[in-house]
Amino acid sequence: MYISVKEAKAKQEKMREQVVIKPLEKEISTVAGADLSFDKNSDKVQAGIVILRLPGLKVVARSAVTTEVDFTYIPGLLAFRELPPLKKAWKLLKIKPDVLILDGHGIAHPRRLGLATHFGILMDHPTIGCAKNNLTGNFEQPRSEKGSYRYIIDDGERIGIVLRSRTNVNPIFVSPGHKVSFEDSREIVMRCLSRYKLPETTRKAHALVNRLRRGETEPGYIEF
DNA sequence: GCGACAG
DNA sequence: ATCTTGTCGC
């Protein structure tokens, strides 16, 4: 840990004024999912990004790398642990997706600077946060049908969306990361859903990093 | 002090 | 996140 918890939080407080929440300017044709896989007893991690074509959800390209983490997991400071590996996978991509969906929150964060937001600002790219659990704020349960949603409120401020991604299944937590709106975030995640709880972007990215960790695939960049 | 707490 | 097979329920 080259940075202290106090410094990390101060950095988030300074970066929060750089967050941009606004509608995407052009129609998107590609989306990507990013994820990490950790080693049980070492600091080795594999990071991967999978780009999908938007109507269709077919894989366009993917990048995967193996590195090491130097920051332990602390709720609210996830970005300091996962950002370095994700940046490597991102830079390996020869083609960039119109929007990137990350595993974690966007502005639905105590200081409005979750992983997706932090990554978006650093890479100056549109991002969306999609988490399996809530971190902060309150919300009411959305109806049980797929597509139903409610907003997450924190200190009277709208910070995210609780989305029922599959009928009768616990909802997922979506929030704008950077350079996208709440509507964009919800609609894009909806378009990435198939028959499962999680969007194909995160499912594909998750499968990729796990295959790399088991040595079932090679690291690097591949275009399909 | 107590409870909450993305991955 | 990770350790892991079967099993219950829509």
Side-chain angles (χ1 to χ4, degrees), chain A residues 1 5-6 8-9 11-12 15-16 19 33-49 64-89 100-121 127-139 143-146 148 152-155 159-178 185 189 195-199 201-216:
Chain A
M1 282 165 97
V5 169
K6 188 173 184 177
K9 290 182 177 177
K11 187 165 189 173
Q12 295 180 325
M15 286 181 76
R16 65 186 296 177
V19 184
D35 195 22
L36 298 188
S37 180
F38 298 81
D39 189 317
K40 188 185 189 274
N41 32 45
S42 88
D43 287 332
K44 279 195 179 354
V45 295
Q46 9 287 138
I49 296 178
V65 301
T66 291
T67 330
E68 275 185 8
V69 286
D70 56 20
F71 198 93
T72 152
Y73 169 67
I74 297 175
L77 300 182
L78 179 65
F80 293 88
R81 175 178 175 76
E82 306 199 344
L83 230 36
L86 290 173
K87 275 193 266 186
K88 292 191 176 181
L100 177 66
I101 299 178
L102 295 107
D103 247 349
H105 295 284
I107 60 173
H109 175 279
R111 290 169 291 285
R112 311 294 180 261
L113 216 90
L115 174 66
T117 301
H118 198 142
F119 185 93
I121 292 175
T127 58
I128 295 172
C130 181
K132 305 171 199 63
N133 297 289
N134 194 35
L135 174 61
T136 189
N138 307 298
F139 61 88
R143 282 181 293 110
S144 58
E145 309 80 53
K146 174 177 179 177
S148 300
I152 302 174
I153 307 297
D154 192 32
D155 285 314
I159 61 172
I161 301 164
V162 189
L163 176 67
R164 192 74 69 179
S165 53
R166 181 178 173 174
T167 301
N168 294 329
V169 168
N170 288 148
I172 56 178
F173 303 80
V174 178
S175 60
H178 187 54
S185 303
V189 169
R195 53 170 299 196
Y196 307 100
K197 166 177 177 173
L198 300 176
T201 39
T202 70
R203 298 186 75 244
K204 292 275 183 16
H206 197 272
L208 169 62
V209 293
N210 279 322
R211 273 177 342 230
L212 178 60
R213 180 160 62 85
R214 300 171 198 155
E216 297 170 6

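Each chain gets a letter, A, B and so on, in the order the sequences are listed, and its residues count up from 1. Below, each value reflects all heavy atoms present in this structure, side chains not excepted, and no hydrogens, waters or symmetry copies. Bear in mind the structure is a predicted one, so any value in this text is a computation, not a measurement.
Note on residues 106-117 of chain A: pairs passing salt bridge (charged side-chain N to carboxylate O under 4.0 Å, His left out), not counting sequence neighbours, are A/Arg112-A/Asp154, A/Arg112-A/Glu157.
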What N/O pairs connect the protein and nucleotides 5-10 of chain C at under 3.5 Å? Give each pair on its own line.
none

Every protein N/O lying under 3.5 Å from an N/O of nucleotides 2-6 of chain B:
from: B/dA6; atom 1: OP2; to: A/Tyr73; atom 2: OH; distance (Å): 2.5
from: B/dA6; atom 1: N7; to: A/Gly76; atom 2: N; distance (Å): 2.9
from: B/dA6; atom 1: N6; to: A/Gly76; atom 2: O; distance (Å): 3.1
from: B/dA6; atom 1: N6; to: A/Leu78; atom 2: N; distance (Å): 3.3
from: B/dA6; atom 1: N6; to: A/His109; atom 2: NE2; distance (Å): 3.4
from: B/dA6; atom 1: N1; to: A/Leu115; atom 2: N; distance (Å): 2.9
from: B/dA6; atom 1: N3; to: A/His105; atom 2: N; distance (Å): 3.0

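Contact of the A/Val189 side chain with the A/Ile172 side chain is registered, since non-hydrogen atoms from C-beta on lie closer than 4.5 Å. When side chains are defined from C-beta on, A/Val174 counts as touching A/Ile128, because their heavy atoms get closer than 4.5 Å. A/Lys132 places a side-chain heavy atom less than 4.5 Å from the side chain of A/Asp103. Considering only heavy atoms from C-beta on, A/Leu198 stays 4.5 Å or farther from A/Ser165 through its side chain. Counting heavy atoms from C-beta on, the side chains of A/Thr117 and A/Thr127 never come closer than 4.5 Å.
Taking atom CG of residue A/Asp35 and atom P of nucleotide C/dA1, one finds them 7 Å apart after rounding to whole Å. Between A/Asn210 atom CG and B/dG7 atom P the separation is 15 Å, expressed in whole Å. For the pair A/Phe38 CZ and C/dC3 P, the computed distance is 12 Å after rounding to whole Å. Note: CG (A/Leu102) to C1' (C/dA1) measures 16 Å, nearest angstrom. Whole-Å rounding puts the A/Asp39 CG to B/dG7 C1' distance at 15 Å.
In this pair, A/Phe80 and A/Phe71 present their aromatic rings tilted. The plane angle is within the 30 to 60° band.
The side chain to side chain donor-acceptor pair (under 3.5 Å) test applied to A/Glu216 returns no partner, not counting sequence neighbours.
Helical stems in DNA chain C, defined as runs of 3 or more consecutive Watson-Crick or G-U wobble pairs with donor-acceptor distances under 3.5 Å: none found. When base pairs are accepted only as Watson-Crick or G-U wobble with both N-N or N-O distances under 3.5 Å, DNA chain B takes part in no stem of 3 or more pairs.
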- Check the pair A/His118, A/His109 against side chain to side chain contact (heavy atoms under 4.5 Å, CB included), reporting the backbone distance first and the verdict last. CA-CA 11 Å; A/His118 198 142; A/His109 175 279; over 6 Å; no
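Contact check, A/His206 against B/dG7: no side-chain N or O comes under 4.0 Å of OP1 or OP2.
Under the 3.5 Å distance criterion, the side-chain polar atoms of A/Glu82 are left unmatched by any main-chain donor or acceptor of A/Gly104. Distance alone, capped at 3.5 Å, is enough to place a donor-acceptor pair between the A/Ser175 side chain and the A/Gly106 backbone. Under a 3.5 Å cut-off, the side chain of A/Arg164 and the backbone N or O of A/Val169 do form a donor-acceptor pair.
A salt bridge is absent between A/Asp35 and A/Lys204; no separation between the charged side-chain nitrogens and carboxylate oxygens falls under 4.0 Å.
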